[in-house]
Amino acid sequence: MSDTANRPVGRRTFVLGSAAAAGTAALAGPLAPSASAAGFGWSDDGSHYVVDTGASLVFKVSKTNGDLTSLVYKGTEYQGYGGKNSHVESGLGTSTVTVKQSGSTILISVAYGTLKHYYAARSGENNVYLWTDKADDSVSATRYIVRVRAGLFLNDEPDSYTYTTSTVEASDVFAKSDGQTRSKHYSKLRVIDYDCVGWSTGSVGLYVVRSNHEKASGGPFYRSLLRHQSADGGGLYEILYYGENQTEAQRFGLQGPYVIAFTDGGAPSSSLFHANLTTPWADSLGISGYVPASGRGKVAGVGTTGRNTAFPYTVGLANSAAQYWGSARSSDGWFSIGGVLPGTYTLTVYKGELAVYTGSVTVTAGGTTTLNTLAIPSSNDPGNASAIWRIGEWNGTPSGFKNADLMTYAHPSDVRAASWTGNVVVGSGTETSAFPCYLWKDVNSGIVVYFRLTAAQAAAAHTLRIGVTTAYANGRPQISVNDWTSSIPSPPSQPSTRSLTVGSYRGNNHTFTYSVPASAWLTDTSQYNVLRINVVSGSGTTSFLSAGTSIDAIDLLA
């Protein structure tokens with residue numbers, strides 16, 4: 001199967017593992033609850049609470065630690081590999097586990113110290129609804145992993161790694177014999193890009209439908225591992241807080257619902273997706289931290305001006321307690337973000353992934369905060385500045401640069417990557433595609449850009465800008481133009497973990513500016529000026545783990 005099989009099918013839907021997943025197979029989603037569904041109910045086998053959904057799904061939850069120990073769909077066991085269960089993190093340990101039935105809903109509650117976790121089943125549905133309430137950092141990261149037996153679904157995707165013991169990096173990036181790389185980190189997708197992640201055989205689908213991530217961290221463009229397969233089975237993840245390449249502090253509180261969904265092969269019903277999912281049936285279940293729809297509000301903007309319509313725009317809301325986002329309509333910049341917890345938020349408008357507007361908005365329970373047209377100041381978008389030349393686009397991403405697309409699902413050493421070195425000539429028409437998306441101190445530092453200036457341009461000082469999207473080990477650019485060399489800039493705040501080698505360029509966007517004096521330019525206008533970009537840092541190791549940075553755009557201002 002080609003790597004294109006990992007791309008979204010439909011609007012923001014992550015459907016993986018089979019082309020048939022996009023077909024006309026019957027979809028499983030919330031059905032009209034029926035207390036009379038055949039077999040619906042729960043029992044106690046001494047070690048587990050056993051839940052029969054009254055449809056085709058029976059699951060078990062350990063009474064000792066709250067692990068999900070069995071997922072039997074249409075008579076086939078899907079749960080488990082390597083002797084491990086499905087659970088929060090790597091398992092919670094001894095917990096208090098209780099069960100109750102309220103009409104057509106069964107709720108299993110798990111209490112582990114300050115953390116609370118919930119499983120819910122609805123009569124007649126092949127779904128398990130989950131919530132996780134994390135009150136503090138006594139549990140380090142927060143994920144739920146559904147562990148799936150080996151051999152049930154196809155295993156040949158960028159985020160699979162059953163091939164070889166050849167390790168490219170650490171213990172989680174691998175190489176096939178043909179030189180292609182695989183890792184559980186290589187999902188390709190940002191949070192905003194997908195609603196569910198899973199596999200399909202064409203006749204059976206198993207998915208995790210993500211929550212709205214209101215208590216997660218990192219914003220709409222964050223990337224983390226979503227699934228994997230290895231020799232002993234596979235894993236589907238809901239990452240509620242992931243410390244790798246993280247740009248924000250951890251948020252606490254209830255996250256969910258997210259859903260384990262079985263289907264007849266197609267994608268889960270969109271009615272399960274966070275934008276459409278309503279759970280009034282859960283309002284009275286006593287879930288810790290649960291806020292019903294009546295306790296939430298909405299933000300609506302009548303329009304956004306000052307946009308470059310060649311780019312998508314996203315509006316984000318964030319404070320220390322929650323985060324939300326929505327797309328701005330391409331025609332006029334209208335947006336609407338619902339289901340927001342009451343509070344005051346920083347509102348950010350992103351051109352691509354680059355923040356170009358910030359403001360403040362207050363949300364009240366049961367109310368709609370309507371905003372007048374937001375006007376993005378021209379000076380807030382660096383792409384509006386008059387430039388003598390420009391490489392790339394100011395959109396907060398390395399898109400368009402050499403190897404940029406590949407780097408969201410492969411290691412930089414992958415055989416499919418074009419050479420990371422090579423010079424660039426302004427005016428060639430290939431400036432952006434020839435310039436590497438990433439620069440490393442030990443790999444391609446010192447890349448050269450050739451450009452000519454007119455006599456008038458060479459007679460004046462100019463500002464050169466380099467925009468970056470993240471950095472590893474404090475890597476940052478120092479430049480020289482002909483015989484002139486800039487000072488070494490201070491490193492901006494960036495995540496401290498791996499990024500460039502695990503499929504993510506998302507850090508903190510930053511623009512470096514260099515004031516180049518007129519004396520630096522060549523006065524002979526027939527000759528090329530030589531711009532050399534070096535990566536400097538006292539940190540990092542070697543090769544692709546040496547200090548590095550991801551490029552957004554480079555330009556010389558008029």
Side-chain angles (χ1 to χ4, degrees), residues 13 15 21 23-45 48-61 68-79 86 97-110 117-131 144 146 148 152 195-211 236 238 256-287 290 292-293:
T13 304
V15 180
T24 58
L27 304 182
L31 306 177
S34 171
S36 62
F40 178 71
W42 65 274
S43 60
D44 182 343
D45 70 2
H48 307 87
Y49 292 122
V50 183
V51 178
D52 188 329
T53 64
S56 300
L57 174 64
V58 178
F59 65 92
K60 296 181 180 181
V61 175
L68 184 66
T69 63
S70 177
L71 276 170
V72 175
Y73 177 67
K74 293 186 176 179
T76 298
E77 177 67 76
Y78 283 83
Q79 198 292 130
S86 301
V97 184
T98 58
V99 63
K100 69 178 180 180
Q101 182 170 344
S102 301
S104 58
T105 301
I106 296 170
L107 180 72
I108 297 176
S109 303
V110 182
H117 180 71
Y118 303 90
Y119 302 91
R122 297 280 285 160
S123 177
E125 295 185 20
N126 292 314
N127 305 315
V128 183
Y129 297 84
L130 302 94
W131 289 263
Y144 193 90
V146 179
V148 182
L152 295 173
D195 291 306
C196 60
V197 56
W199 297 289
S200 174
T201 65
S203 59
V204 174
L206 173 55
Y207 298 87
V208 168
V209 181
R210 77 166 174 88
S211 69
L236 301 177
E238 166 73 334
Y258 49 104
V259 187
I260 301 171
F262 282 91
T263 79
D264 291 337
S269 168
S270 62
S271 61
L272 280 178
F273 298 163
H274 61 89
N276 301 316
L277 180 61
T278 58
T279 56
W281 50 266
D283 291 358
S284 59
L285 294 180
I287 294 173
Y290 183 90

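Only this structure's heavy atoms are used, side chains among them; waters, hydrogens and symmetry mates stay out.
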Which heavy atom of [X] sits nearest a heavy atom of [Y], and at what distance?
X: Leu236; Y: Leu206; value: CD1-O, 3.7 Å
X: Leu285; Y: Lys100; value: O-NZ, 2.6 Å
X: Pro268; Y: Leu272; value: CB-CD1, 4.0 Å
X: Leu130; Y: His117; value: CD2-NE2, 3.7 Å
X: Cys196; Y: Tyr207; value: SG-CD2, 4.2 Å

Less than 3.5 Å apart, any donor N or O on the side chain of Ser104 or Arg122 sitting next to an acceptor on the other?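 Ser104 vs Arg122: donor-acceptor pair found between side chains.
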
Backbone N/O of [Y] and side chain of [X]: donor-acceptor pair under 3.5 Å:
X: Ser102; Y: Thr105; value: no
X: Ser270; Y: Phe273; value: no
X: Asn126; Y: Phe262; value: no
X: Gln101; Y: Gly41; value: no
X: Glu238; Y: Ser211; value: yes
X: Lys60; Y: Val72; value: no

I need the Gln79 CD to Thr69 OG1 distance, nearest 0.5 Å.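 These two atoms lie 6.5 Å from each other.
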
Partners passing salt bridge (charged side-chain N to carboxylate O under 4.0 Å, His left out) against Lys74 (at least two apart in sequence or in another chain):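 For Lys74, the residues satisfying salt bridge (charged side-chain N to carboxylate O under 4.0 Å, His left out) (neighbours in sequence not counted) are Asp264.
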
Take Leu107 and Ile287, measure what side chain to side chain contact (heavy atoms under 4.5 Å, CB included) needs, and give me the verdict at the end. CA-CA 9 Å; Leu107 180 72; Ile287 294 173; 4.2 Å; yes

Asp52, Ile260, Leu71 screened by side-chain contact (heavy atoms from CB on, under 4.5 Å) with Phe59, the one that passes: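 The option that passes is Leu71.
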
Test of understanding: with side-chain contact (heavy atoms from CB on, under 4.5 Å), list the residues that count as partners of Val99, not counting sequence neighbours.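 By the side-chain contact (heavy atoms from CB on, under 4.5 Å) rule, Val99 matches Trp42, Tyr49, Ile106, Ile108.
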
List for me each residue that meets side-chain hydrogen bond (donor to acceptor under 3.5 Å, both in side chains) alongside [X], sequence neighbours excluded, and say none if there are none.
X: Tyr290; value: Thr279, Asp283
X: Tyr144; value: Tyr119
X: Glu77; value: Ser70
X: Ser109; value: none

Residues forming a ring pair (Phe, Tyr, Trp, His ring centres under 6.0 Å) with Tyr258, sequence neighbours excluded: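 Counting only residues at least two positions away or on another chain, Tyr258 forms no ring pair (Phe, Tyr, Trp, His ring centres under 6.0 Å).
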
Centres of the Trp281 and Tyr129 rings: under 6.0 Å?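 For Trp281 and Tyr129, the ring centres are under 6.0 Å apart.
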
